[in-house]
There are 2 protein chains.
Amino acid sequence: MKNRQVTMKDIAKRMGVSSVTISKALNDKDGVSEELKAEIKRVSIEMGYRINTLAKSMKEGYSYNIGILIPERFTGDLQSFYMKFYNQVSKVLENYNYYAILEILDKKDEEELNFPRIYSENKVDGIIVLGQLNNDYIEMFQNIDIPNVFLDFYTDNSQFDSIVTDNFYGVYELTNYLIKLGHTNIGFVGNIHSTSSIQDRYLGYYKSLLEHNIPLKDSYIFKDRDDYGKYLDIELTGDLPTAFVCNCDQVAYNLIRRLNSLGYNVPNDFSVVGFDDDIYASLTTPPLTTVAVDVKEMSSVAVKIIIKKIKDKTAKYGRILIKGNVIYRESVNRIDCYSKS
Amino acid sequence: MKNRQVTMKDIAKRMGVSSVTISKALNDKDGVSEELKAEIKRVSIEMGYRINTLAKSMKEGYSYNIGILIPERFTGDLQSFYMKFYNQVSKVLENYNYYAILEILDKKDEEELNFPRIYSENKVDGIIVLGQLNNDYIEMFQNIDIPNVFLDFYTDNSQFDSIVTDNFYGVYELTNYLIKLGHTNIGFVGNIHSTSSIQDRYLGYYKSLLEHNIPLKDSYIFKDRDDYGKYLDIELTGDLPTAFVCNCDQVAYNLIRRLNSLGYNVPNDFSVVGFDDDIYASLTTPPLTTVAVDVKEMSSVAVKIIIKKIKDKTAKYGRILIKGNVIYRESVNRIDCYSKS
DNA sequence: CTGAAAGCGCTTACAG
DNA sequence: CTGAAAGCGCTTACAG
């Protein structure tokens, strides 16, 4: 058994007042004289009082916990990206006096459509889902009667609120930047049938071309992975563009190594840009111009929304796009300037 | 307000029994006939009952939460290592019907010696500290009256239980391996005054040399960082060893790039080993022979210990060393065999 | 096998 | 300004 904690009752007894008065004083509510309030606070510290949030929570009907649900497959070795989110969300929640509870949803539970345990056991007031769930599971989520928000992915079912990085706009900005530097032969590296975020990035690239009256060339679309996500050797034969827009930094990293091994130099022979600003962006030589996902802002918004939804169950937000930040580094050159960077 | 949940009372009313019987049935306790128990379970599912763990917790005096406390400075960009631990600990806790609550201890709170909020607010039954706290804070931790365990670091105060990777033994094994392959001129790369884990790794290297009657040479100790942890260019002049034992993978990565830029090949000209098996180990060409910290085992042990300490407040474990696993890759050659690997 | 009573530590609504 | 009473939803110990 736990050793007995100091309770409000103990303070009350010692001070000869009621525990109601203690509660009011410690919560800065009206109905206690300022002097008594100050004295109560002093004594409570002296006695080493710590509030029992469990009791408070039960009375109020709120746990002051938010669940963060991450499908197991996003927790592998290199997926530290999601942990960054978790970290940030957890930090933001503090400002609202909330805590984050992580649940990793294992494959089996996801397939068998079992409710998250944090939900079944009423551990949380709301759930932030981090990382794409399978469709059936998402459908099931509609039956969950606590607020939820999807972070970093979305679904076509408009019932759900989601917060995603603006893939489209980010690549659009990057491509505009390349064009401004004189590039007109610009390739896109990625399997445009693989994930919806790669697709959106591709469309941002395409929009930039459209706006500048640059025709889209099939031969400038370079497949980087098969439809199962397995990386392929990028085919670099025939007519090549002067700049490559890669769907992510890791692919840019692979591409640059590939180009190097063929005797090319980046950015002198080819300009290359990525997306994500993850560790690969700084491991390439030269470091990559890329788009940094705004983890901080996205996390803040996710928390704000879930807290609002807890207070107002009917609130709806839909799909919220958060702009990333273009990070300018040395992997890009003006097209008319082949002198070294 | 939350929409009202189904409670045991509701089930009781509907079935014409008391809520005590419901509680017994759902918890598989004695005192209910098997038929009634089965019927209660059926109805509770039908009614969509979810237990209110808050009420249960309050009654029992346990929150069924474990806090994971990570000092802020370990949550930066590249420290996904700690998140791996967090992940794993969280997964293991599930088996004990416990949940993990993350608290990132910010710099200010650490300096001002403020208790973690999860402690002040009684949110958790125990705390796992992940990442070295400053000494004063550790001293203060002695006054915390809930069980705690330090994960991945230790302190000389034997009051505390800690679980650390066996740095000493890991490097000892690696160095033995190099010697078995014929190396006798073996260098160590690291600032041996910088952290205690680097020091332990150095001593493992030294023990291996001792055992094989290989003299320790000052000139074979290569400083990789200053005393503040800032990386230095490693000085590679004069008499060089045939193999380098690096204190971590990132340093091995830096070293190999350095050697490459000087025109050397690894492993043909020099063998190199690292420690950690992090992303850098697979980014080097060739990939690194290194020691993988056994995150899984360390996390399991941490959880086992904290759960035991919750049940028995007097339990003591001291410093527990967990062996890492040597991962054999291609960055090492036999010394007598210069043909390619 | 079944249930009435008490209690976990708070907070809220109300009375004085 | 202060406090007695009731209640949040469970579980435990005890009585029948």
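Convention: sequence-line order gives letters A, B, ...; per-chain numbering from 1. Computed over heavy atoms, backbone and side chain alike; hydrogens, waters and symmetry mates excluded. Keep in mind the model is a prediction, meaning the values are calculated, not measured.
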When you check the phosphate oxygens OP1 and OP2 of [N], does a side-chain N or O of [X] lie under 4.0 Å from one of them?
| X | N | answer |
| --- | --- | --- |
| A/Ser33 | D/dT2 | yes |
| B/Asn52 | D/dC8 | no |
| A/Tyr49 | C/dC10 | yes |
| B/Ser18 | C/dA4 | no |
| B/Lys59 | C/dA6 | no |
| B/Ser23 | D/dC10 | no |

Quiz item: Say you draw a straight line from CD1 of B/Ile22 to CG of B/Asp10; how long is it, rounded to the nearest 0.5 Å?
Solution: 10.0 Å
d([atom1], [X]; [atom2], [N]) in whole Å:
| X | N | atom1 | atom2 | value |
| --- | --- | --- | --- | --- |
| B/Leu54 | D/dG9 | CG | C1' | 9 Å |
| B/Lys29 | C/dT2 | NZ | P | 17 Å |
| B/Met58 | D/dT12 | CE | C1' | 14 Å |
| B/Lys13 | C/dG3 | NZ | P | 15 Å |
| A/Lys56 | D/dG7 | NZ | C1' | 16 Å |
| B/Met8 | C/dG3 | CE | C1' | 15 Å |
| B/Asp30 | D/dT11 | CG | C1' | 15 Å |
| A/Ile40 | D/dC1 | CD1 | P | 12 Å |

Side chain of [X] (C-beta onward), nearest among [options]:
| X | options | result |
| --- | --- | --- |
| B/Thr21 | D/dC10, C/dT12, C/dG3 | C/dG3 |
| B/Asn27 | C/dC1, C/dT11, D/dT11 | D/dT11 |
| B/Lys24 | C/dA4, D/dC10, C/dT2 | C/dT2 |
| A/Val32 | D/dT12, C/dG9, D/dT2 | D/dT2 |

Quiz item: Paired with C/dT2: which nucleotide, if any, by Watson-Crick or G-U wobble criteria at under 3.5 Å for both distances?
Solution: D/dA15
Answer yes if the side chains of [X] and [Y] hold a donor-acceptor pair under 3.5 Å, and no otherwise.
| X | Y | result |
| --- | --- | --- |
| A/Tyr64 | B/Glu121 | no |
| A/Asp125 | A/Tyr98 | yes |
| A/Asn114 | A/Tyr137 | no |

Exercise. Nearest-nucleotide wise, let me know which of B/Val20 and B/Ala55 is further upstream toward the 5' end of DNA chain D.
Key: B/Ala55
Quiz item: Any ion pair linking A/Glu39 and A/Arg42 (charged N to carboxylate O, less than 4.0 Å)?
Solution: yes
